[in-house]
Amino acid sequence: MRLARTSAEIFVPDGLSVHKALARTTHMAVGAHQDDIEMMGVAGVLECLQHEDRWFAGVVATDGSGSPRDGLYRALSDEAMRLVRRREQRKAAVVGEYGVQVLLDHPSAATKDPSNAAVLNDLIALLDAARPEVLYTHNLADKHDTHVAVALRLIDALRSLPREVRPQRLLGCEVWRDLDWLIDADKVVLDVSAHENLQAALLGVFDSQIAGGKRYDLATLGRRRAHATFHATRATDTASGVSFAMDLTPLILDDAHDPLSFADEYVARFAADVHDRIDRLRRR
Ligand SMILES: [Zn+2]
């Protein structure tokens, strides 16, 4: 496996060869930063946990060097921070029993440059080697540029592969902006009630981010709990944790479908839902 950055790393927690570790993949998450996978792809981690025939692959696109820092980590240089974040991602891979963890180590700017082929080529090589059945990434309505850029690069990478090796399902998941606003018919509901303790551990290893002043661990678990209750207005809670996703699979079934108009359609259905309810209930 040749990746663009010489500093890229492929970490296999159980020591299998890289080739075999990638080839056993069934579920994969491609995120922009260290900790994004644990916030958005935990459904895949749980699907694979303790299953010999299912393996989770984590892929982080950027080097994580530019992240905010405080406390213990306040004085760290960008380079030292990059190493801390890598170490944290490897810890998560061990805790979550991932089949493989890939750190592509691209500068954030490279992922946001549509003309930069390095990120695209890395993703193509990984997808071809791993051939996941289910693929998790950022949703197209996320409000972090790097997240949306990574999702767009991933869609481009998938479209360059023959159809028979593309995943059966491509899901756009929640980090910076949740998907509660999707109309219910557009929501993919992922039950992540199981192993809440392990979910807490997966989020908790990213100490440099949490000590940086952001309780991503509590916020992410709180979001999952909130979705479980607020998803259905009438039914009683059947799950204690829910994540929502946007089904991006149509974009890899039809290469002509523009991701921009695809996202616009979700927003239009949300706008119509708000509009129609008020229109129906207002005094005339
Ligand atoms: Zn991120």
Side-chain angles (χ1 to χ4, degrees), residues 5 8-9 11 28-45 56-70 73 76 78 81-93 95-96 98 101-113 116 119 122-123 126 135-155 157 170-179 190 192 199-200 202-224 243-246 248 259 263:
R5 308 278 297 174
E9 179 181 345
F11 171 59
M28 178 187 267
V30 177
H33 308 105
Q34 295 77 3
D35 77 6
D36 284 334
I37 291 169
E38 290 67 30
M39 286 189 225
M40 70 179 183
V42 76
V45 176
F56 182 81
V59 180
V60 176
T62 71
D63 57 22
S65 64
S67 68
R69 60 209 71 174
D70 203 353
Y73 308 91
L76 294 189
D78 278 1
M81 196 64 183
R82 178 176 152 269
L83 296 177
V84 164
R85 297 199 69 185
R86 263 182 186 238
R87 200 156 59 229
E88 289 172 345
Q89 188 62 60
R90 286 195 297 262
K91 280 187 213 171
V95 169
Y98 300 179
Q101 173 64 55
V102 183
L103 293 141
L104 295 178
D105 210 40
H106 289 284
S108 186
T111 65
K112 287 184 277 194
D113 176 3
N116 185 319
V119 179
D122 277 355
L123 292 173
L126 280 172
L135 182 51
Y136 306 84
T137 191
H138 299 284
N139 82 76
L140 293 175
D142 193 287
K143 63 178 175 181
H144 194 308
D145 282 6
T146 315
H147 290 188
V148 175
V150 165
L152 293 172
R153 299 295 93 77
L154 183 66
I155 291 164
L170 176 64
L171 297 174
C173 307
E174 303 170 298
V175 180
W176 283 106
R177 183 171 283 148
D178 72 32
L179 292 171
L190 303 168
V192 291
Q199 297 182 43
L202 282 169
L203 295 160
V205 298
F206 294 93
D207 189 59
S208 70
Q209 303 307 291
I210 293 166
K214 302 286 277 180
R215 290 308 302 265
Y216 294 118
D217 53 341
L218 300 180
T220 303
L221 291 171
R223 171 153 68 192
R224 290 171 192 162
S243 280
F244 295 135
M246 182 184 274
L248 305 179

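This is a predicted model, so every value here is computed, not measured. Order of listing sets the numbers, starting from 1, for every ligand and every atom in it. Only this structure's heavy atoms are used, side chains among them; waters, hydrogens and symmetry mates stay out. Residue indices begin at 1 and follow the sequence shown.
The aromatic rings of W176 and Y216 lie perpendicular to each other, with more than 60° between the two planes, well past the 30° mark.
At a threshold of 4.0 Å, the pair D105-R85 does not count as salt-bridged, since none of the basic side-chain nitrogens sits closer than that to a carboxylate oxygen.
Within 6.0 Å of the NZ atom in K214, the count of heavy atoms belonging to other residues, nucleotides or ligands does not exceed 12.
Scanning for salt bridge (charged side-chain N to carboxylate O under 4.0 Å, His left out) contacts around R87 gives an empty result, with sequence neighbours left out.
Protein-derived N/O/S atoms nearer than 2.8 Å to the Zn ion (ligand 1) total 4, waters excluded.
Just one residue in the list L104, I155, V150 forms a side chain to side chain contact (heavy atoms under 4.5 Å, CB included) with L123, and that residue is L104.
A donor-acceptor contact shorter than 3.5 Å links the side chain of E88 to the backbone of S208.
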